[in-house]
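Quick notes on the structure that follows.
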Amino acid sequence: MRTLGDLVDLLHAWYPPSTAESWDAVGLVAGDPADGVAKVMLAVDPTEEVAQEAVAWGADLLVCHHPLFLTPVHGVAATTPKGRTLATLTKGGCALLTAHTNADHAVGGVSEALAHALGLRDLRPIRPAATEPLDLLVACVPTDAAPPVRAAIAEAGAGAIGDYDHCTFTVPGLGRFRPLDGASPAIGEVGSLTVVEEDRIEAVLPRRLRGAVMTALLAAHPYEEPAYSLLELASPGSREAGTGRRGVVDPTTLRGFAETVVDALPATAQGVRVLGDLERVVRRVAVCGGSGDFLLDELAGSDVDVYLTSDLRHHRAAEFAEQSAAAGGPALVDVAHWAAESTWLPALADRLTAAVGDTVETRVSTTRTDPWDLRL
């Protein structure tokens, strides 16, 4: 049987807690990592009703998108709604794990699932995630000493790019120097100008390994005073992970796209709200699961035809409409928060099944946790 620790490690590999926003509360909320897990239920919200459903089904783990405790609490007594939820899960032997903003940004996460549910293809992030900070090491080495220097810096971690290592670039040239009094040159004589055939070696390295790589370079280099440069590189951003997703659909109208949204998402009291010319042509679409009005400014002047998200406020939407009209920016589609994020659950269920096979049974909660019941 799989353990809770196994499932936590798997989910954290897909949705690393380190990528969550600083204000967020993600990860394992309750449960013993040593306990066995045979059934996993998936839900957007950790409500008391969802907890009861999970326990009634016999779930050993409940994975929720929204945190149970997003803000600090001083107690978890069962006299409070959150306390009752936790008590229900604990008494029923069901652990709780949260994947929130770490799941929003990730490959295979919430915004990506929403995009797929709406038929978007050729996906890329609206706001790419920052990649690990990199340095570029440039070192000049006598040609006959270049192979051991390249090997030394590679063993220390330089030149690793994706599924490759020992990646370097070399340009031959001539090095010139004159040793002064007090020097102990490996090549040449004090007071004499020396010309040496050298290789200029370039390699990228994670900034966190800067110290180890520099130590390796200086230890392997034959010169008393090696010539080198260390440059900090700008992050190109991830091509896959990041905030929101943008992609393309077959050409349609804004009205036609909105009708696609209605068919793709579960029905809610809010429905689907649209801002823009219903007959405008739509091909390029941006989406953001959850509350996405923080992306409005950067999308206002983009080539996107329509932006879909949730929880758009009156003034922000009105201001955006004015900006968009002047700059030719996108129309807006506003959908219920729960409906948009619920598209992630079946995708996550499929991903878990593919990873663990029939050793764990998964189920998407049937409890509707959208807070609105009626629109008159």
Side-chain angles (χ1 to χ4, degrees), residues 21-24 100-101 104-105 109-130 237 241-343 370-372 374-376:
E21 299 292 342
S22 59
W23 49 263
D24 206 358
H100 192 210
T101 53
D104 286 332
H105 306 322
V110 176
S111 287
E112 188 171 303
L114 174 59
H116 284 308
L118 299 177
L120 275 66
R121 58 186 185 273
D122 300 333
L123 299 181
R124 67 181 192 270
I126 297 173
R127 182 185 292 173
T243 304
R245 292 294 185 273
R246 56 175 295 170
V248 297
V249 295
D250 292 334
T252 183
T253 62
L254 179 58
R255 182 190 298 276
F257 177 74
E259 291 170 349
T260 297
V261 174
V262 171
D263 292 339
L265 300 186
T268 61
Q270 171 184 315
V272 175
R273 303 189 298 177
V274 181
L275 186 160
D277 178 359
L278 295 178
E279 302 309 314
R280 73 175 289 176
V281 175
V282 168
R283 176 166 173 77
R284 294 176 294 271
V285 178
V287 303
C288 181
S291 304
D293 63 2
F294 64 94
L295 291 172
L296 287 175
D297 289 340
E298 58 196 89
L299 289 171
S302 72
D303 63 352
V304 169
D305 299 312
V306 61
Y307 174 46
L308 180 147
T309 190
S310 303
D311 304 332
L312 291 176
R313 294 169 290 174
H314 171 86
H315 293 296
R316 289 291 284 127
E319 291 167 0
F320 180 83
E322 294 174 354
Q323 282 183 287
S324 186
L332 294 179
V333 175
D334 183 81
V335 300
H337 193 123
W338 168 80
E341 293 180 334
S342 68
T343 59
D370 185 73
W372 305 105
L374 179 65
R375 180 171 184 166
L376 299 176

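Only heavy atoms go into these numbers, but all of them, side chains included; no hydrogens, no water, no symmetry mates. Positions are given from 1, in the same order as the sequence printed here.
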[X] and [Y]: which non-hydrogen atoms are nearest, and at how many Å?
X: Leu374; Y: Leu376; answer: CD2-CD2, 3.4 Å
X: Arg283; Y: Pro251; answer: NH1-CD, 3.7 Å
X: Val282; Y: Val306; answer: CG1-CG1, 3.7 Å
X: Gly329; Y: Arg280; answer: O-NH1, 3.1 Å
X: Ala331; Y: Leu275; answer: CB-O, 3.2 Å
X: Leu254; Y: Gly276; answer: CD2-C, 3.7 Å

For residues 258-272, pull every pair meeting side chain to side chain donor-acceptor pair (under 3.5 Å), keeping only residues two or more places apart or in separate chains.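 As it turns out, the side chain to side chain donor-acceptor pair (under 3.5 Å) pairs with a partner in residues 258-272, which skip direct neighbours, are Gln270-Asp334.
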
Would you mind listing every side chain to side chain donor-acceptor pair (under 3.5 Å) that reaches into residues 109-125, with sequence neighbours excluded?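 Passing the test, one end in residues 109-125: Arg121-Asp250.
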
Taking the side chain as C-beta and beyond, is there a heavy-atom pair between Leu299 and Ile126 under 4.5 Å?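 With C-beta onward as the side chain, the pair touches.
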
Might you work through the side-chain contact (heavy atoms from CB on, under 4.5 Å) test for Val248 and Leu120, ending with a clear yes or no? CA-CA 5 Å; Val248 297; Leu120 275 66; over 6 Å; no

Donor-acceptor contact present, side-chain [X] to main-chain [Y], <3.5 Å:
X: Arg245; Y: Pro125; value: no
X: Arg255; Y: Thr252; value: no
X: Ser310; Y: Val335; value: yes
X: Thr309; Y: Gly292; value: yes
X: Tyr307; Y: Ala300; value: no

Residue list, side-chain contact (heavy atoms from CB on, under 4.5 Å) with [X], at least two apart or on another chain:
X: Thr343; value: Ala113, Leu114, Ala117, Leu265
X: Ala269; value: Trp372, Arg375
X: Pro266; value: Trp338, Ala339, Ser342
X: His105; value: Glu21, Thr101, Thr243

Give the intermediate values and the outcome of side-chain contact (heavy atoms from CB on, under 4.5 Å) for residues Leu118 and Val285. CA-CA 10 Å; Leu118 299 177; Val285 178; 5.7 Å; no

Show which side-chain atoms of residues 312-321 pair as donor or acceptor with protein atoms under 3.5 Å away, not counting sequence neighbours.
unit_1: Arg313; atom_1: NE; unit_2: Asp293; atom_2: OD2; d: 2.8
unit_1: Arg313; atom_1: NH2; unit_2: Asp293; atom_2: OD2; d: 2.8
unit_1: Arg316; atom_1: NH2; unit_2: Asp293; atom_2: O; d: 3.2

Under the rule for side-chain hydrogen bond (donor to acceptor under 3.5 Å, both in side chains), what residues qualify as partners of [X], not counting sequence neighbours?
X: Asp305; value: none
X: Arg127; value: Glu298
X: Arg246; value: Asp303

Cys288 SG to Asp104 CG distance, which is reported to the nearest 0.5 Å: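 Separation between the atoms: 7.0 Å.
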
What distance separates Trp23 CH2 from His100 NE2, expressed to the nearest 0.5 Å?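 Answer for the CH2-NE2 pair, Trp23 versus His100, is 5.0 Å.
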
Run the side-chain contact (heavy atoms from CB on, under 4.5 Å) test on Phe257 and Val274 for me, step by step, so that the C-alpha distance in whole Å, both residues' side-chain angles and the decisive distance to 0.1 Å come before the verdict. CA-CA 10 Å; Phe257 177 74; Val274 181; over 6 Å; no

Check against side-chain contact (heavy atoms from CB on, under 4.5 Å), Leu332 and Leu296: CA-CA 10 Å; Leu332 294 179; Leu296 287 175; 3.9 Å; yes

